Amino acid sequence: MTGTADVAQEGSHQPHGEFSWGHSALRAGFAVGADGTPRLVGLGRPGEVRVADPDCALPLVELTALGHGSAWSGPRFTGTAFGTRLKYRDHRTGSRGDGEWLTVELHDPATGLTAFVELTSPGGLPVLRSRVRLRNDGPEPVVVQSVSSLLIGGLPSPDALDVHRARNDWLAECRWYAEPLRDCVADINVDAHQHDSRAALVLAGRGSWPTDGHLPMGALTDRGSGRTWLWQIESPAGWRWDLGESAHGTYLALNGPTDAEHQCRVRLAPGEESTTVPGVLALGSGFDEAMGALTSYRRAVRRPHPDHTALPVVFNDYMNTLMGDPTTEKLLPLIDAAAQAGAEYFCVDAGWYDDSADGGWWDHVGEWLPSTRRFPEGGIRAVLDRIRERGMVPGLWLEPEVVGVRSPVAAALPPDAFFQRDGVRLTEQGRHQLDLRHPAARAHLDKTVDRIVGDWGVGYLKLDYNIVIDPGTLGPGDLAPGAGLLGHAHAYLDWLSEVLDRHPHLVIENCASGGMRMDGATLAVSQLQSTSDQQDPLRYPPIAAAAPTAVPPEQGAVWAYPQPGFDDDLIAFTLGGALLGRIHLSGHLDRMSQRQLALVRDAVSTYKSIRRDLARAVPFWPLGLPGWTDEWLALGMRSPDGRTSYITVWRRGGDAELCLPIRHLAGREAGAEILHPSSASTGSAVWDGEGLRVSLPRAPGVLLVRLT
């Protein structure tokens, strides 16, 4: 967060006892036991009861190190109870910008390790962000294998909780599912065995795509009250979270990459430091409320940028359109049609650098120079000029971290500028991976971006990442490849920040084969996030409806690719699914009839009329989170004052009518207005005092409704 300087306050120096910290929306309680071990014993809104007995609560930090075992003798690990050696030494509090911070200092006299548990929370939000900074104040090196970013125990019993996870696969992103936690954490009658259960639900990221397989998120809901604990791990590389049973309650542990899962370990020489990735926990009376708090938190901590409030409409020539085969001849009429439809940015996607006759650019990328074959008259500058002449900002696709094996850049840069293991440069699908910790790799990309943005006047970059290299790299100074991967990932985000410092009006879209890099760390730097590469308009709705769980709506780029061969209903369906996200227009608009183009223009105009509200709204799901095969789906956006709500309803089959409960408006008068499609014969929506009654006589069908 940005804002005023830290204001430190004197911390408690009591060796034992309790202290609390927080603000009007969140309080955390801590207890220091007779053995000097500090524990988090309460977390919730002010006035809520403690969540753990001090004698049963878990230590603030879980840490494993070679030769020392685990940081606490809990259910996840066995061995020396290192963590009970981490004793309370001090705590400090203060304010930063609109938020509060707390640092709790722990120390182990035997090894000299000092741990600083750094907690922050934006004012007015029931959200806790935690990370741990380790410093070796001892005389000998220590090899750290894992450190928890956030550890909390004393949650309700697994018998009372449902756990929510989100599968995240290429072309099938953000697929949330829920099940009783007890189905995952076996009841083994811990009283009879005199120790806690070691049964646990463990979920971990894989490879160099941080959101491949699952989102680095999860949630617990109390089945009786609906109370929700929702979390995300802000790692641009590996991550792990655990749920298990301890002292008849549930514990949650959030970690970045670990030695066991990701070959990530760090040697701390005397005086050296290492900091974990942040873990974030949002609280709510229900899932929607917790997600609203998390959405507001994401807005509070991201890099400020005018794009977050302007929300310009982007046309991208790739999806179901040019598909990586741009030429001057193909682009010029498409540019004209996109401008007529109301687009404000026009991005030329992959292929603009390809001079090969066979289109075999995959293993030749890296120089990022424009093709002369594709743009024979006036070069690519003539295309960029045409975009500007039509009143739009030009954009280009780039895959900065990769260099094709046939690219001259592969030989020009030093070996240490690339991912390597055992002295061998890594190759994946005909490509090498740059290591942006190396100054030569960074200088190469700086020169590339400054040419494209500074010299050519490009105002939008779509940054893609289409290979997976795991577990990482063993560069100079790396102890393990997972640590090298994390180091590169942080360096990549630092590089992005420096690019935006030099070019503050540049808009950056983050993409990795769609939504394979949809992590909180990257979202805090980039302005837009690709949500999927899904090409089927009938399969996109569950992705579009669930995307706001991973990314604020104004950052979530949702494809809308109407085609001249679609009938009016399918054109409306394809466009309507993007209107509560960030509309990412594509399709052969240049081949459409004027009537069809008018349908596109109407949808874009509708989006422009509501986007100011979307930049502040928080999501809700009247039918619950969508299932992949659901016939009816719904996504809502609610303004901060609750007076205006937008609901997109999709019908892919099933009955022609449905009633959607809108809980925050139940029992109140409201007016329902259909904003999209513009044809009144498509369907109807009526507010009956408790819910929204929707009729869509034809499938596929879609409605965007405003309730005021």
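Because the structure is predicted, anything quoted here is derived from the model rather than measured.
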Distance-only, no hydrogens or angles: does the [X] side chain make a donor-acceptor pair with backbone N or O of [Y] under 3.5 Å?
X	Y	answer
R182	V185	yes
T295	P552	no
T211	M516	yes
R693	C659	no
S130	S149	yes
T276	V132	yes
S148	L151	no
D519	P210	no
S20	G29	no
S296	G292	yes

Search all heavy atoms of [X] against all heavy atoms of [Y] and return the closest pair with its distance.
X	Y	result
C184	V163	SG-CG1, 4.4 Å
P46	A25	CD-C, 3.8 Å
L635	L580	O-CD1, 3.5 Å
L281	L43	CD2-CD2, 3.6 Å
C174	A546	O-CB, 3.2 Å
L633	P542	CD2-CA, 3.6 Å

All salt bridge (Lys or Arg N to Asp or Glu O under 4.0 Å) counterparts of D655, not counting sequence neighbours:
none
For R206, check salt bridge (Lys or Arg N to Asp or Glu O under 4.0 Å) against everything at least two apart and list the hits.
D169, D212
With E105 as reference, evaluate R133, H91, R89 under the side chain to side chain contact (heavy atoms under 4.5 Å, CB included) test and give the passing residue.
R89
F620 ring centre to R638 NZ or CZ under 6.0 Å, with the angle to the axis within 45°?
no
Quick one: is the NZ or CZ of R167 closer than 6.0 Å to the six-membered ring centre of Y177, and within 45° of its axis?
yes
Mind checking the [atom1]-[atom2] spacing from [X] to [Y]? Nearest 0.5 Å is all I need.
X	Y	atom1	atom2	answer
R517	N510	CZ	CG	6.5 Å
W231	L150	CH2	CG	10.5 Å
D630	R652	CG	CZ	7.0 Å
S157	H248	OG	NE2	9.0 Å
L161	T221	CG	OG1	7.0 Å
R175	R165	CZ	CZ	12.5 Å

Decide, yes or no, whether a salt bridge links [X] with [Y] under the criterion of side-chain N to carboxylate O below 4.0 Å.
X	Y	answer
E234	R129	yes
R227	D222	no
E554	R299	yes
E245	R198	no
E289	R45	yes

Tell me, do [X] and [Y] make a side-chain contact under 4.5 Å, heavy atoms counted?
X	Y	value
F30	Y88	no
V117	T103	no
I152	L58	no
L134	T275	no
R85	L113	no
D98	P122	no
M637	S645	no
L707	L692	yes

Indicate whether any N or O donor in one side chain lies under 3.5 Å from an N or O acceptor in the other, for [X] and [Y].
X	Y	value
Q555	R302	yes
T228	H164	no
E173	S532	yes
T111	D108	yes
W176	T549	yes

Step by step, work out the side-chain hydrogen bond (donor to acceptor under 3.5 Å, both in side chains) result for D137 and T114.
CA-CA 7 Å; D137 293 327; T114 302; 2.6 Å; yes
Tell me, with the steps shown, if E261 and R240 meet salt bridge (Lys or Arg N to Asp or Glu O under 4.0 Å).
CA-CA 8 Å; E261 281 78 23; R240 164 179 168 157; 2.5 Å; yes
Sequence neighbours excluded, which residues qualify as side-chain contact (heavy atoms from CB on, under 4.5 Å) partners of I233?
P216, S235, W239, W241, L254, V277
Please determine whether side-chain hydrogen bond (donor to acceptor under 3.5 Å, both in side chains) holds for the pair Q232 and R298, giving the CA-CA distance in whole Å, both sets of side-chain angles, and the decisive distance to 0.1 Å.
CA-CA 11 Å; Q232 70 176 18; R298 288 166 170 164; 2.8 Å; yes
Step by step, work out the side-chain hydrogen bond (donor to acceptor under 3.5 Å, both in side chains) result for S121 and Y297.
CA-CA 9 Å; S121 182; Y297 159 83; over 6 Å; no
